Protein chains: 2
Amino acid sequence: MRQTIQYQIIQDTIQKMHGHPTAEDVYQEIHKEYPNISKATVYRNLHQLADNKKINQVLIPDSPERFDTILPKHYHFKCKKCGDIFDVNIDYLSEINDTVQNAYGFQIDDHDIIFKGICPKCQNGKELQH
Amino acid sequence: MRQTIQYQIIQDTIQKMHGHPTAEDVYQEIHKEYPNISKATVYRNLHQLADNKKINQVLIPDSPERFDTILPKHYHFKCKKCGDIFDVNIDYLSEINDTVQNAYGFQIDDHDIIFKGICPKCQNGKELQH
DNA sequence: ATTTATGCAAACTATTTGCATTGCC
DNA sequence: GGCAATGCAAATAGTTTGCATAAAT
């Protein structure tokens, strides 16, 4: 694995970004300062970073792939109105892995939880529907 | 909402299908008997059926959209090797909705859980990697 | 008769890939 | 110098959309 300038820029940029950016978000951010970077390189390096456990890929319904720089296990919430993604830091439910493993014979490595509902802003009608 | 032949065929076909078919799967199945059906119609009616709560849309990582004819709330498991999706019928964790609602002020309607690991077949090396 | 849903093709979105070239090691 | 990674453009996969036509009400 080669130490390229692009890999470094992509790693540094996503580390500075907040929330759960898509590959496109990361590309746009880098493109401001390095207009020659290729979107394919951004995709390739984001996947590389995920494989190397430097970032996480987050599963979000009806969304292009998103990445997360927060490594400790946590869950996510998606607002049905504005579409925003929020981190949910309740305790990781490791016991349900065991429950499912025992009930079904699957070897369970992990699980994701996505909560769905309305965020406080949208409850107050302050946001337009996406 | 009009009662079209296509809507009926699509509803009947997916009800007969097992597992978690994609729109393409449903299209292929119908296409055998009704080669004139349009893929756009299949997409439109599957979404219609989901809106009407006749079927559920299931969220699966790295997969085209999938549908589920089993309506009671349940979870899913995806095998990392063969890619198969399995239903997971452990108790629905309604209490975590309250936990998150109280902690974050979100109005939580529901949550999905996707378990990830290796299914029994693949543990025995009987399946090729997808 | 009206008007919604269909079929088809084209458009679109997100992502991946082939390949000539660049630039790490 | 060799070979992996880049940039670009084209290809692909999945889904949606515009529009003329067909069919449900």
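Within every chain, numbering begins at 1; the chains are lettered A, B, ... in the order of the sequence lines, protein sequences first and strands thereafter. If you're wondering where the values come from, they're calculated on a predicted model, not measured in any experiment.
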Separation of atom [atom1] in [X] from atom [atom2] in [N], rounded to whole Å:
X	N	atom1	atom2	answer
B:I9	D:dA23	CD1	P	13 Å
B:Y43	D:dG14	OH	C1'	5 Å
A:F67	C:dT15	CZ	P	7 Å
A:Q3	D:dC3	CD	P	21 Å
A:E65	C:dT16	CD	C1'	10 Å
B:Y7	D:dA24	OH	P	15 Å
B:Y27	D:dT16	OH	C1'	16 Å
A:Q48	C:dT16	CD	C1'	15 Å

Hey, is [atom1] on [X] packed in by over 12 heavy atoms from elsewhere, all under 6.0 Å?
X	atom1	answer
A:E33	CD	no
B:I5	CD1	no
B:D51	CG	yes

Does [N] have its OP1 or OP2 closer than 4.0 Å to a side-chain nitrogen or oxygen of [X]?
X	N	value
B:T4	C:dT6	yes
A:H47	C:dT15	no
B:N36	C:dT6	no
A:Q6	D:dG7	yes

By nearest atom, which of the nucleotides [options] is closest to the [X] side chain?
X	options	answer
A:K39	D:dG7, C:dA5, C:dT15	C:dT15
B:S38	D:dG7, D:dA23, C:dG7	C:dG7
B:A40	D:dT6, C:dA9, C:dT17	C:dA9
A:T41	C:dT15, D:dG7, D:dT16	D:dG7
B:P64	C:dC25, D:dG14, C:dT6	D:dG14
B:R44	D:dA24, C:dG7, D:dT6	C:dG7

query: Using the C1' atoms of the five pairs at each end, what is the angle between the end axes of the helix from C:dA1-D:dT25 to C:dC25-D:dG1, to 10°?
result: 30°
- prompt: When you match A:R2 and A:N45 each to their closest nucleotide on DNA chain D, which lands nearer the 5' end?
  reply: A:R2
message: Any carboxylate oxygen within less than 4.0 angstrom of a Lys/Arg side-chain nitrogen, looking at B:E24 and B:K39?
response: yes
message: I'd like to know if A:K78 pairs up with A:D84 as an ion pair, taking the criterion as any Lys NZ or Arg NE/NH1/NH2 lying under 4.0 Å from an Asp or Glu carboxylate oxygen.
response: no
field: Validation row, ring centre B:H18 to ring centre B:H20 under 6.0 Å
entry: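 Between B:H18 and B:H20, the centre distance exceeds or equals 6.0 Å.
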task: Report yes or no: does A:R66 contribute a side-chain atom to a donor-acceptor pair with the main-chain N or O of A:V58 at less than 3.5 Å?
output: no
- prompt: Between B:F86 and B:F77, what is the ring plane arrangement, given parallel below 30°, perpendicular above 60°, and tilted in between?
  reply: tilted
- prompt: How is B:E24 classified with respect to the nucleic acid when contacts are heavy atoms under 4.0 Å: base, sugar-phosphate, or nothing?
  reply: nothing
